[in-house]
Amino acid sequence: MYYVERFAVSLPFWDQWDAEWLGLLKPWIEGKLQFQDLFIAHNEHRILPTRIMTLFTFWLTGSWNNIVEARFNILFGASTPLLFIWTLARTEKITGLKWLIIAVIIAGGSLPFSWENFLIGFQSQFYFVNLFTLASLIIAAHFHNRSWSVWMILFLSLISILTLASGLLTPLAVIAVYLARAYFQRLLSAKTALLMIILFAMAVSAYFTMPRVEGHYILHATTFSEFISTMLRLMGWPLRGSKLFIGVMWLPGLFFVSRMLFLRKQIGKTDLLMFGCLAWTAMQIVALAYGRGHDSIHMPPRYAEVLLLGLAANSWFVVRLTSIKGKPVVRKAVWGVAAVFFVAVFFSYIQRSVLDFRVLKEERVRRLTQTENVRNYLATKDFSTINKPGFQIPYPDPKRLQMILNDSTLQEVLVIGNKVPPKK
């Protein structure tokens, strides 16, 4: 709430003008919106939950206000860490180093790493897909034998696919949990096998029906080294600097998982859940490294959201490493790894927070400049007030922005600053 009230502005930004106004709210107001319009692709994505939330906030307030949407996002953004912590507290005795896992989750969910998502109401897709994925993995790990679990997993997988293009990875992560359970229990029921086949078919179908945006091909990694470089950078998050940090972030978790698979001992439900989170994040990283890997120097803040489940899972497996019995020298080495891991994570959290707060202040100034330019245009109809370079206006094309702003219907519902449009 602090971030939204302190740094967000009411004026819509970038994709909101096309996806929310022209594609959704204007047809809704004019009575032209069709049910199938809710499923129309936005770039590579189907953004059904985001569209529903936009319509709901508009219906509730009668105005188009980015801050109102961002306030609603807070509920969904907070739900994922809350659900994660509740699940851990319900199934585990939170003592000793396990408190560090809770701290990793809380800090990851409350520090301003994904500032794009909470400044712009339209970015709710990332909150939704995280929540749907975590809920699916919890059901698969904790409630797989309940009669309702199959239907809930199918529903959550489908709604994830209709939330983001990478939502197709949700059913694949659930499959990973079921395969791990079958491997350790040496048993795979026909019901589970059928569910996995359906989930796999859903993911494949979603991939082949995903819209291809020609203009986004330039964002794809063009060489193998570019792909690997981006992947290592993403795997090293939240650490900054050398790609060797991947060893600190992922190798302890991968070692513990490999050890579990090799020993093939019975594992707990939390281990299964964290394995699913690890699989989900690994697939997200591979998808991002390919889809956004070209000339990628810095990860866009909005993608930090999908890395948080994997960071929590790695934290869990690092703590689990400390429970391994062995010689004193081995025990000391394991505790040394755990110490390095958590010091690195929290130190990086502090570093990134300082930088992100600086960026937030700069973004606030930019958004206020955009607000003033749009306000001046609406007052004077002088094109020069919005014929500005860079991010001085909230849309990449001044001419198209002019066309949108000239719409009298928009002017009746658009909130600019503290100005609320009059009720009809």
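By convention here, the first residue in the shown sequence is residue 1. All values reported here derive from a predicted model rather than from experimental measurement.
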Where do Thr163 and Ile47 come nearest, in terms of heavy atoms and distance?
-> O-CG2, 3.6 Å
Using a 4.5 Å cut-off on heavy atoms from C-beta on, say whether the side chain of Tyr303 contacts that of Gln284.
-> no
Looking at side-chain heavy atoms only, is the closest gap between Val204 and Phe208 below 4.5 Å?
-> yes
Would you call Asp37-Arg51 a salt bridge at under 4.0 Å N-O?
-> no
Going through the distances and angles, do Glu363 and Trp115 end up as a side-chain hydrogen bond (donor to acceptor under 3.5 Å, both in side chains)?
-> CA-CA 10 Å; Glu363 280 297 312; Trp115 56 263; over 6 Å; no
Considering only heavy atoms from C-beta outward, does the side chain of Pro394 approach that of Thr371 to under 4.5 Å?
-> no
Side chain proximity check, Asp18 to His42, heavy atoms < 4.5 angstrom | no
OH on Tyr3 to CZ on Arg364, rounded to 0.5 Å | 15.5 Å
Among His142, Lys98, Arg320, Glu92, find the residue that satisfies the side chain to side chain donor-acceptor pair (under 3.5 Å) test when tested with Thr270.
-> Glu92
Is the number of heavy atoms from other residues, nucleotides or ligands within 6.0 Å of CZ (Phe39) greater than 12?
-> yes
Ile153 side, atom CD1; Met202 side, atom CE - distance, nearest 0.5 Å = 11.0 Å
Looking at side-chain heavy atoms only, is the closest gap between Leu272 and His144 below 4.5 Å?
-> no
Are side-chain heavy atoms of Asn406 and Tyr377 found at a separation under 4.5 Å?
-> yes
Shortest non-hydrogen contact from Leu309 toward Thr133 = CD1-CG2, 4.4 Å
Could you tell me whether Lys361 atom NZ has more than 12 heavy atoms of other residues or ligands within 6.0 Å of it?
-> no
Phe347 atom CZ: more than 12 heavy-atom contacts under 6.0 Å = no
Please examine the side chains of Leu134 and Ile138, heavy atoms only from C-beta on, and report whether any two atoms are closer than 4.5 Å.
-> yes
Closest approach of Thr409 to Asp407 (non-hydrogen atoms, all atoms of both residues) = N-OD1, 2.9 Å
Would you mind reporting whether Val129 and Gln125 have side-chain heavy atoms less than 4.5 Å apart?
-> no
Test Thr170 against Ser157 for side-chain hydrogen bond (donor to acceptor under 3.5 Å, both in side chains), laying out the working first.
-> CA-CA 6 Å; Thr170 299; Ser157 295; over 6 Å; no
